[in-house]
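Residue numbers start from 1 in every chain, and the chains themselves are labelled A, B, ... in the order their sequence lines are given, proteins ahead of strands.
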Amino acid sequence: MTPVFNPSSPQAAPIFTLFVFVLLSCIVILALVAGLVVYACFRYRRRSGEGDPPQRFGSQKLEIAWTVAPFLLLVAIFIFTARAMSNSDPTPADASSPDIVIVGHQWWWEAQYPKGGFRTANEIHLPAGRDMGVLIKTNDVIHDFWVPQLARKVDAIPGYPNYLLLHPDRPGVYLGACSEFCGEEHAWMRFRVLVTSQSEFETWERQQVQIASAPSELLSNEGARLFQEKACMKCHTISGTEAKGEVGPDLTHFLSRHKFAGELLDNTPENVARWLKNPQQIKPGCHMPNMQLTDDQVKSLTAYLDGLQ
Amino acid sequence: MSDIPIPADSLPVAAEIEAENKRSLLSWVASVDHKQIAVMYLLTSLFFFGLGGIEALLMRLQLAWPGMAILSPDGYNQIFTMHGTTMIFLVVVPSLLGLATYLTPLMIGANEMAFPRLNAFSYWLVLFGGLLLYFSFFGGAAPNAGWFSYAPLSEKPYSFQAGLDYWAVSLLAIGVGTVATGLNLIVTIITLRAPGLSLKRVGLFVWMVLVNSFLIILALPALNASLLMLLVDRQLSTHFFTQQGGGSPLLWQHYFWSFGHPEVYIMVLPGFGIISETIPVFSRQPIFGYGFVAASTVAIGLLSLGVWAHHMFAVGMGHRWDMTFGAASMLIAIPTGVKIFNWTATMYGGAIRFTTSMWFAIAFLITFTMGGLSGVMFAAVPIDWQTTDTYFVVAHMHYVLFGGTLFSVFSGLYYWFPKMSGKILSEKLGRWHFWLTFIGFNMTFLIQHVLGLAGMPRRIFTYPALPGWGIMNLISTIGAFVLGISVVVFLWNLYVSFQRGELAGDNPWNAWTLEWATSSPPPLQNFKAVPPVRSRRPLWDLAHPEDPDWKR
Ligand code: HEM
Ligand SMILES: [Cu+2]
Ligand SMILES: [Cu+2]
């Protein structure tokens, strides 16, 4: 339930260990303070008729004790902190040629795989057990890339690209979210990291490089035509077609995604149709306008998108 | 109360108090009396506390369950921005400044602030700023970029509505007013102390106000300057905080937090001062380690100027900077811990009277410690890398600001309300107020630590139905409504006790500092004569000529 306590990488694990150590120290201190306060409340409550007690003004020895003891504890915490920092956030071996470039957009994530020469959105695939250097950038305001089970969070700041090393140890699905307030739909700027074995990852890579399969039926053919005609192509890319827009997510392999619109919706034909009918109603403020499509147009576009394997 | 004997001749006549209390509206607007201005500060912050509280309840309703649609996304963003801005600049700070302007002259045996007109001017600037901020709801749109309005989101291309302009102008007004108050308090404390009242003898509340005022005049100008730059960026298309044109969004973060971190201490030091007055009086013992409590305040003040970048660990400043700021932040925990131990030690060997004021002070010791400890966790940088900008931070800041500052303000109000109004707040309602607050507060915020660790970012208007998220948020929402009820009980207590509360007399708690040497409420001229001051507790000396403090 708490991903911070369930790390799945050699980077997240030391943070978890540090957390447990510091948390336990804090609980001990809290128990000490609360215990002293509660004890005083019982032991020194004023009994009726009691006058003022003898007056005490302080004790130098005690002051020194409760200055020095916390200081020593903090030194210990600091040493563990410094160790955990270098373990949890190592510099990627070759920062100049990242395996993945993550670009934050108001309110979706673009993932470029420069070595494979393709892009996806909101779903990032990684192989298990391998270092992946990630460059984190933004296209507009400040966002923050956070997958608690895999690594620290890192801001995406205009003009200040950041590097992050990802190295998931086991296959699985890891949820992530933008954690810097970035405007109206910040809540739905979620994403997931899908970790598979190296061979499955390579299969996926080969699929992604392929251009979109041409539509086969009448309905989806009509959809493909509408996609070019209705300005969808100004904002979206579908490789192998005229569509080369960069405002919205790459749709070349749209059907391969589990969720869309920043994890707001499951990728089902009904949801895609609802989205196309009026994205502003579903994700108010998002940068895809209501395209005023008729129900028939929605149907054919949905059929087309659902053929993009 | 009745077990503390009150000398009969000091009881004021009821009719006199009524006459005092029925002053005309004009007498308030035109007033330069520090007590009237302070009461206006307190009423203003109470009013905005109501507004900020309603905003909080709206947010909690929206978050009660996944997928609620009480507020639109942008509506939620406006409400959380207004809530944070209101609570910080219009509730916490004005309530502390209100107590400081009321009590500082009284506690140092002075009749006025050093600059009475400047005092009035500061107050009216703060009220004007507050009203202007709320006018934004009618003037187009309320600000919606959060209480720290990070650039470039706060810049024209991403926030083209007028909300952020209102935000910047109103905070500028409040900021200028606050700096003036800081100066005023410093000069008052330095120059107007009664004969014999050296800085080694003033009440700890005055000490904390003094250090606090220095922090104000050092930190707030940074806010004022950056607000001005933001305004110029937005209105005249300069590029201080935008990447295009050579500015930098990080510059805003450095400027803002170089104000913002001292600000969090500006919001708590006077609270420390209150606790340092109420715990001794209700434990019937002098404060344990006066010198250490005062000196640790100075240490906190100095350190707090050098830790701002701990709000920026996720920025990627590099390990060396992260580590430096992490270590500096950890250091602050030491003087803070010293204080907690001294307050606790004050209770030992005492004869504790469990008034509502004392209950709030005791609760403060525990809840503030929790907030301070989660602060230490953030200072261990990798923990911050996980928890920053999640509900864990929301929990931390409410433990320090609500469980810390507001609890201390409640402690102070129950303690000093008799001095201000001549009436004692009902202890029976007070007990209800306290327990509802304590339970509601912990119910709302304790679970938010877990939500943060479960991966819930802050500032989101809704969230997916992940396992446990709904129920944890529901608990938090229910707690918020318990808190809402506690506020209603408090308001009711203020009202009925003011109308027909028990008469207080000059010194209902048998306290020791100078404000209790004048009548309740004090006359326009606070003191006809100040009792001789030969120690930290002049009224103790008067009452115990056989065992005065100055003979120890
Ligand atoms: C032992 C003392 C404390 C330490 C070490 C500490 C440390 C921190 C750190 C490192 C953060 C940044 C967390 C983040 O955003 O990632 C933070 C946030 C915050 N702290 Fe503290 N803190 C302490 C006490 C206090 C006190 C006394 C107050 C105010 C009364 C306070 C108010 C806040 C607030 C309001 C925030 C959130 C700011 C925001 O993001 O909106 N803290 N604290
Ligand atoms: Cu975001
Ligand atoms: Cu801070």
Side-chain angles (χ1 to χ4, degrees), chain A residues 1-5 15 18-19 22 26 29-30 33-34 36-37 40-41 44-46 48 50 52-53 55-58 62-63 66-67 70-71 74 77-78 81-82 84-85 88 141-142 144 148 152-155 157-160 162 175 177 179-187 263 284-285, chain B residues 3 72-74 77 146 150 152-153 158 243 249-250 284-286 288-289 292 314-316 319 323 326-327 330 333-334 337-338 340-341 344 347-353 362 365-366 369-370 373 376-377 380-383 385-386 389-390 450 453-455 457 459-464 467-468:
Chain A
M1 204 164 75
T2 53
V4 174
F5 285 176
I15 305 188
L18 179 72
F19 198 109
V22 179
C26 288
I29 295 173
L30 178 64
V33 171
L36 287 172
V37 169
C41 288
Y44 297 106
R45 63 181 319 140
R46 179 170 187 270
S48 68
E50 188 184 348
D52 285 348
Q55 305 289 290
R56 288 154 64 250
F57 290 81
L62 277 175
E63 301 287 351
W66 60 51
T67 308
F71 180 75
L74 286 173
I77 291 181
F78 182 74
T81 297
M85 280 174 82
S88 61
V141 301
I142 301 179
D144 183 281
R152 59 165 289 185
K153 57 167 69 73
V154 186
D155 283 354
I157 302 170
Y160 296 86
N162 269 318
L175 298 184
S179 340
E180 182 64 75
F181 180 65
C182 56
E184 190 160 354
E185 286 292 346
H186 166 59
E263 300 259 306
Chain B
D3 57 348
S72 67
D74 192 48
N77 297 344
Y150 274 4
L153 183 64
Y158 301 104
Q243 186 60 26
L250 283 184
R284 311 308 303 156
Q285 286 245 64
F288 195 90
F292 289 89
V315 154
H319 287 193
M323 221 181 282
M330 281 182 196
I334 294 172
V338 165
I340 302 264
F341 287 120
T344 310
M347 294 164 64
Y348 275 74
I352 302 169
R353 292 174 58 202
I362 292 168
L365 288 180
I366 292 170
T369 302
M370 291 174 72
L373 289 172
V376 173
M377 301 186 78
V381 180
I383 295 181
W385 285 342
Q386 282 283 21
D389 264 303
T390 69
V450 185
L453 299 176
R459 302 181 160 176
I460 54 177
F461 71 91
T462 192
Y463 49 90

Inset, instruction - Before giving the answer on side chain to side chain contact (heavy atoms under 4.5 Å, CB included), spell out for A:Leu36 and B:Tyr348 the whole-Å C-alpha distance, their side-chain angles and the decisive distance to 0.1 Å. - result: CA-CA 9 Å; A:Leu36 287 172; B:Tyr348 275 74; 3.5 Å; yes
Legend entry - Proximal component of A:Ala84, with respect to chain B [non-hydrogen, under 4.5 Å]: both
Inset, instruction - Please check if the side chain of A:Glu185 supplies one atom and the backbone of B:Pro73 the other of a donor-acceptor pair under 3.5 Å. - result: no
Inset, instruction - Could you check which of B:Tyr150, B:Phe341, B:Tyr463 has the highest count of heavy-atom pairs closer than 4.5 Å to chain A? - result: B:Phe341
Inset, instruction - Please flag which part of B:Ile340 lies under 4.5 Å from any non-hydrogen atom of chain A: side chain, backbone, both or neither. - result: side chain
Legend entry - Side chain / backbone / both / neither for A:Glu50 at chain B, heavy atoms under 4.5 Å: side chain
Legend entry - Pair A:Glu63-B:Phe292, side chain to side chain contact (heavy atoms under 4.5 Å, CB included): steps then yes or no: CA-CA 8 Å; A:Glu63 301 287 351; B:Phe292 289 89; 3.4 Å; yes
Inset, instruction - For each of A:His186, A:Glu180, A:Arg56, A:Arg45, tally heavy-atom pairs with chain B at distances under 4.5 Å, and name the one with the top tally. - result: A:Arg56
Inset, instruction - Quick one: pull up CZ in B:Arg284 and CG in A:Asp52 and give me the separation to the nearest 0.5 Å. - result: 4.0 Å
Inset, instruction - Between chain B and each of A:Gly159, A:Cys182, A:Gly183, A:Pro158, count heavy-atom pairs under 4.5 Å; write down the option with the most. - result: A:Pro158
Legend entry - B:Met323 vs A:Thr81, side chain to side chain contact (heavy atoms under 4.5 Å, CB included): CA-CA, chis, key distance, verdict: CA-CA 8 Å; B:Met323 221 181 282; A:Thr81 297; 5.7 Å; no
Legend entry - Sidechain-backbone polar pair: A:Arg46 side chain, B:Gly350 backbone, donor-acceptor under 3.5 Å: no
Legend entry - Between CG on residue A:Asp155 and CG on residue B:Asp389, distance to nearest 0.5 Å: 7.5 Å
Inset, instruction - Would you check if the side chain of B:Asp74 reaches a backbone N or O of A:Gly285 as a donor-acceptor pair within less than 3.5 Å? - result: no
Legend entry - Spatial distance of atom CD (B:Gln386) from atom OG (A:Ser88) [nearest 0.5 Å]: 8.5 Å
Inset, instruction - Taking the side chain as every heavy atom from C-beta outward, state whether A:Leu74 and B:Val376 have any atom pair closer than 4.5 Å. - result: yes
Legend entry - Exercise: identify the closest heavy-atom pair between A:Cys41 and B:Ile362: SG-CD1, 3.6 Å
Inset, instruction - Go through the atoms of B:Tyr158 and report whether side chain, backbone, both or neither lie under 4.5 Å from a heavy atom of chain A. - result: side chain
Legend entry - Pick from B:Gly289, B:Pro464, B:Ala327 with the largest number of heavy-atom pairs that fall under 4.5 Å of chain A: B:Pro464
Inset, instruction - Would you give the length of the straight line joining atom NZ of A:Lys153 to atom CH2 of B:Trp385, rounded to the nearest 0.5 angstrom? - result: 12.0 Å
Legend entry - Approximate separation, where rounding is to 0.5 Å, of B:Ile366 CD1 and A:Leu30 CG: 7.5 Å
Inset, instruction - Please flag which part of B:Thr390 lies under 4.5 Å from any non-hydrogen atom of chain A: side chain, backbone, both or neither. - result: side chain
Legend entry - Closest non-hydrogen atom pair between A:Asn162 and B:Gly316, with its separation: OD1-CA, 3.8 Å
Inset, instruction - Tell me, for A:Cys26 versus chain B, whether the close heavy atoms (under 4.5 Å) come from the side chain, the backbone, both or neither. - result: both
Legend entry - Counterpart residues, side-chain contact (heavy atoms from CB on, under 4.5 Å), relative to A:Tyr160 (two or more places apart): A:Ile157, B:Gln243, B:Ser248, B:Pro249, B:Leu250
Legend entry - Interatomic distance, B:Leu153 atom CG to A:Phe181 atom CZ [nearest 0.5 angstrom]: 6.0 Å
Inset, instruction - Applying side-chain contact (heavy atoms from CB on, under 4.5 Å), name anything that partners A:Phe71, two or more places apart in sequence or on another chain. - result: A:Val75, B:Leu331, B:Ile334
